[in-house]
Amino acid sequence: MNAEPPAAAPDSPSGDPGSPAAAPHSSSGDPGSPSAAPNGFPAGSGSPAAAGPGSAPGAPDSSGDSPGRIVLLTASHRVAPGLLSWPAWQTLRAADRVLCADPDQPQLPYLREAGVRVEHAAPSADDLVAACAGGRTVVVLTGGEGNQTLTDGLARLGGSGRVAMPDLELLPGSYDLPGARLLDLVQVMDRIRRACPWTSRKTHEGLAKYAIEEAYELVEAIEDGDRDELREELGDVLLQVVFHARIAEEDAEEPFDVDDVAGGLVEKLIHRHPHVFGDETAETPEDVHAHWLRTKAIEKRRTSVTEGVPLGQPGLALAAKLASRVRTAGLDVPLPTAGTAAGTATGTSGGTAGDPIGYELLALAVRAEADGADPEAALRAAARAYRDAIVAVEGGAG
């Protein structure tokens, strides 16, 4: 897309045309011209009210003139106004008329600056067809969502067979890049944070439990293989990120926003993928993993392999993560037993340091990790099978 419009053509309109307040173009000042209708389209130019006996609305005259061309020009609100494609600028320059129903259309100031005359008008399908009579080109400027009412009207008119329809072209003036809807999400979140009584009072601490819940629901959607649920749950997890980032903007001492979050993630991904963005090479997943661990170690400068392992995660997942860190570091750490750990445990949850079942589960989790299995997922799958068996028995008992 072009950051600036092309230089004005010699025959382009001058002055300050295109202002939303500017009067619609009319030839009523010329001797013998038809008077202007309220909608800015000359009466007698083919509008239904002015059509002669037996003539169809908007029908070309008997001289066989071309029915003209209608261009519906769309522009995404997620792209900076004025950044239009070269074909869009060419079409705007060459058009006989450019119409826009929205006086606050963000493109208008830039079109005026480029010398493109824009009329504030909301034509019906009949009006628009009539305006194209004689081979004229009329551009209708809309938002990125288009103008459904107008396109439906043009479709009905064309299907009626009553008129010779102009050529109809949909011309995107700017395109959304991948991820463009994330801008909408940030905007909506900002408005909700300011206007919603519930959302405006939430804190990081108050939201923490929802992040855990949403993560579990995402895992369930993945394991169920439900694509619709997967898409929805990914959105719910994303909401947690955007929500927390919006709250963080208001911190008096260390504020940051979603751009800071995304920027930090981009830097991390680039730095940890030197085989993609740098001169390193990686032929296998193992090579990639080695790169990742090496760069992460440089970044974190940790003194223990246990640093960064959240102790609040589920027990089997915690045991497997610690075993993975030990194995990757090449450490030889004997597994504790209820007897050896009795005097060293620093805290427990749901039991005592000497409960033998915990150490049996620890040994199973470590063995599963060494075999390449996820003990948490394996136990969850087994529990699901157990649930199904329970339901089956309940059904048989009923």
Side-chain angles (χ1 to χ4, degrees), residues 208-209 211-225 230 233-234 237 240-241 264-265 268-269 271-276 280 282-387:
K209 65 178 181 180
I212 297 173
E213 290 176 6
E214 298 300 351
Y216 277 127
E217 290 178 9
L218 173 60
V219 170
E220 184 174 355
I222 293 172
E223 293 180 345
D224 286 344
L230 175 59
E233 297 305 335
L234 283 170
V237 171
Q240 297 303 309
V241 176
L265 178 57
K268 178 190 292 185
L269 290 175
H271 186 240
R272 293 187 184 178
H273 290 79
H275 55 290
V276 176
E280 300 282 352
E283 302 296 336
T284 66
E286 290 74 22
D287 292 339
V288 174
H289 187 57
H291 281 315
W292 182 276
L293 293 177
R294 185 165 58 252
T295 55
K296 187 175 181 179
I298 295 173
E299 291 171 7
K300 301 297 183 180
R301 299 186 182 279
R302 290 169 174 159
T303 59
S304 170
V305 296
T306 64
E307 292 181 22
V309 178
L311 298 180
Q313 63 184 302
L316 287 177
L318 172 60
K321 186 65 176 179
L322 291 171
S324 173
R325 290 285 184 91
V326 167
R327 181 172 52 80
T328 301
L331 300 176
D332 183 11
V333 181
L335 290 177
T337 64
T340 61
T344 60
T346 58
T348 61
S349 176
T352 66
D355 190 341
I357 190 65
Y359 297 94
E360 294 176 21
L361 291 172
L362 172 63
L364 286 173
V366 171
R367 190 181 74 189
E369 193 282 329
D371 292 340
D374 179 348
E376 188 72 33
L379 179 58
R380 195 163 47 248
R384 283 169 171 262
Y386 186 35
R387 178 201 60 185

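Note: hydrogens, waters and symmetry copies are ignored here, and every other heavy atom, side chains too, is used.
- Considering every non-hydrogen atom in both Leu335 and Ala363, the closest pair reads CD1-CA, 3.9 Å.
- Residues Tyr216 and Pro314 share a closest heavy-atom pair of OH-CG, 3.0 Å.
- For the atom pair Asp224 CG and Glu233 CD, the distance stands at 10.0 Å (nearest 0.5 Å).
- A pairwise comparison of heavy atoms in Leu316 and Leu361 identifies CD2-O, 4.1 Å as the closest pair.
- No side-chain heavy atom of Asp332 sits under 4.5 Å from any side-chain heavy atom of Val326.
- Annotation for Arg384: atom CZ counts as buried by contact number, over 12 foreign heavy atoms lying within 6.0 Å.
- Closest heavy-atom contact between Ala320 and Glu369: O-CG, 3.4 Å.
- Of the possible donor and acceptor atoms, one in the side chain of Glu376 sits under 3.5 Å from a partner among the backbone N and O of Ala317.
- In this structure, CD in Glu217 is found 12.5 Å from CD1 in Ile212, a value given to the nearest 0.5 Å.
- The two residues Leu318 and Pro310 come nearest to each other via the heavy atoms CD1-O, 3.8 Å.
- Between the NZ atom of Lys321 and the CG atom of Asp374 there is a distance of 11.0 Å, given to the nearest 0.5 Å.
- Distance check: Leu364 CG to Ile357 CD1 gives 8.5 Å after rounding to the nearest 0.5 Å.
- Judged purely by atom type and a 3.5 angstrom limit, Arg325 uses its side chain to pair as donor or acceptor with the backbone of Glu307.
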